[in-house]
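Down below is the structure, laid out as structure tokens.
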Amino acid sequence: MKIKETPLKDCYIIEPTIFEDDRGYFFEKFNEKKFEELTGMNGHFVQDNISKSSYGVLRGLHLQKGEHAQAKLVSCLEGKVWDVAVDLREDSPSFGKWFGIELTEENKLQLYVPRGFGHGFSVLSETAVFAYKCDNFYNKESEGSVKFDDSELNIDWKVDPADMILSDKDKNSPSFKENNF
């Protein structure tokens, strides 16, 4: 497993070592001990979530606030997504900045999104199955969101706005400036 830094503080790309032969492939998807050694971050996860979406679905930007904040380790098990993390930690040198990466079933990359970040993805393939490992349990009362098309963040979601499929929650999220992180 290789860890690569992103331009956002504490946000990492995880690239597995893949062993392939005529039978198929094998790789270690996550190793808590290696992750902690390489990043100094806590890699203990308590909840796994899976979503399936069709082309153009945009989910985000979402976060959990306060004591229920979550770090996430995300990956695309089937298909292809454009994954985006936004640093919402006001004391961070990368506050208000975003990073995007294509996660696919082929590249098997994962993105570690620390607590205090907003997260979202758009589906670039016909369908996609997306996995989230979370280090804290979900709490409805701690939900937060930031408008996906906030002009201050100016995120390129890699999907034409006419093709985007959004939940009412995502359509009506508060702007970056309106939020209280």
Given R59, H62, K147, the one that forms side chain to side chain donor-acceptor pair (under 3.5 Å) with D170
H62
Donor-acceptor under 3.5 Å (N107 side chain, L103 main chain):
no
A side-chain contact here means heavy atoms from C-beta on lying under 4.5 Å apart; do K72 and H119 qualify?
yes
Should T104 and C76 count as side-chain neighbours, where that means a heavy-atom distance under 4.5 Å?
no
Is D10 salt-bridged to R115, cutoff N-O under 4.0 Å?
no
Give the ring-plane orientation class for F45 versus Y112, where under 30° counts as parallel, over 60° as perpendicular and anything between as tilted.
perpendicular
Residues E105, K80: salt bridge by 4.0 Å N-O rule:
no
Check whether the ring centres of F121 and F130 lie less than 6.0 Å apart, and answer yes or no.
yes
Please tell me whether I155 and V74 are part of a single hydrophobic cluster in this structure, the criterion being side-chain heavy atoms less than 4.5 Å apart.
no
Spatial distance of atom CZ (F117) from atom OG (S94) [nearest 0.5 Å]:
5.0 Å
Sequence neighbours excluded, the answer for side chain to side chain contact (heavy atoms under 4.5 Å, CB included) partners of N31 is M1, E28, K33, K34
I'd like to know if the side chain of D163 reaches the main chain of G56, judged simply by a donor and an acceptor atom lying under 3.5 Å from each other, with no hydrogens or angles considered.
no
Do other residues, nucleotides or ligands put more than 12 heavy atoms under 6.0 Å from the NZ atom of K2?
no
Do Q47 and N49 have a side chain donor and acceptor closer than 3.5 Å?
yes
Would L166 and V57 show up in the same hydrophobic cluster when neighbours are defined by side-chain heavy atoms closer than 4.5 Å?
no
Examine distances only and state if a side-chain atom of W82 and a backbone atom of D156 form a donor-acceptor pair shorter than 3.5 Å.
yes
Please check this pair: side chain of E36 against backbone of N42, looking for a donor-acceptor N/O pair closer than 3.5 Å.
no
Atom CD1 of I50 and atom CG of L77: how far apart are they, to the nearest 0.5 Å?
5.0 Å
Keeping the roles fixed (side chain from W98, backbone from V84), state whether a donor-acceptor pair exists under 3.5 Å.
no
Is K97 salt-bridged to D87, going by a charged N under 4.0 Å from an acidic O?
no
Does the plane of the ring in F30 sit parallel, tilted or perpendicular to the ring in F35? Use 30° and 60° as the thresholds.
tilted
So, taking the atom named CD in E102 and the one named CG in L111, what distance separates them when rounded to the nearest 0.5 Å?
13.5 Å
Using atom types as modelled and distance alone, determine if a side-chain donor or acceptor of S173 lies under 3.5 Å from a backbone N or O of S145.
no
Any carboxylate oxygen within less than 4.0 angstrom of a Lys/Arg side-chain nitrogen, looking at D21 and R23?
yes
Please tell me whether Y132 and Q70 have a donor and an acceptor in their side chains that are separated by less than 3.5 angstrom.
no
Return the CD1 to CE distance between I3 and M41, rounded to the nearest 0.5 Å.
11.0 Å
Check whether Q64 reaches the backbone of N139 with its side chain - one donor and one acceptor, N or O, closer than 3.5 Å.
yes
Spacing of K29 atom NZ and K108 atom NZ [to the nearest 0.5 Å]
10.0 Å
Determine whether W157 and I101 fall in the same hydrophobic cluster, where Ile, Leu, Val, Met, Phe, Trp and Tyr are linked whenever their side-chain heavy atoms lie under 4.5 Å apart.
no
How many angstroms lie between atom CG of N179 and atom CG of L88, to the nearest 0.5 angstrom?
7.5 Å
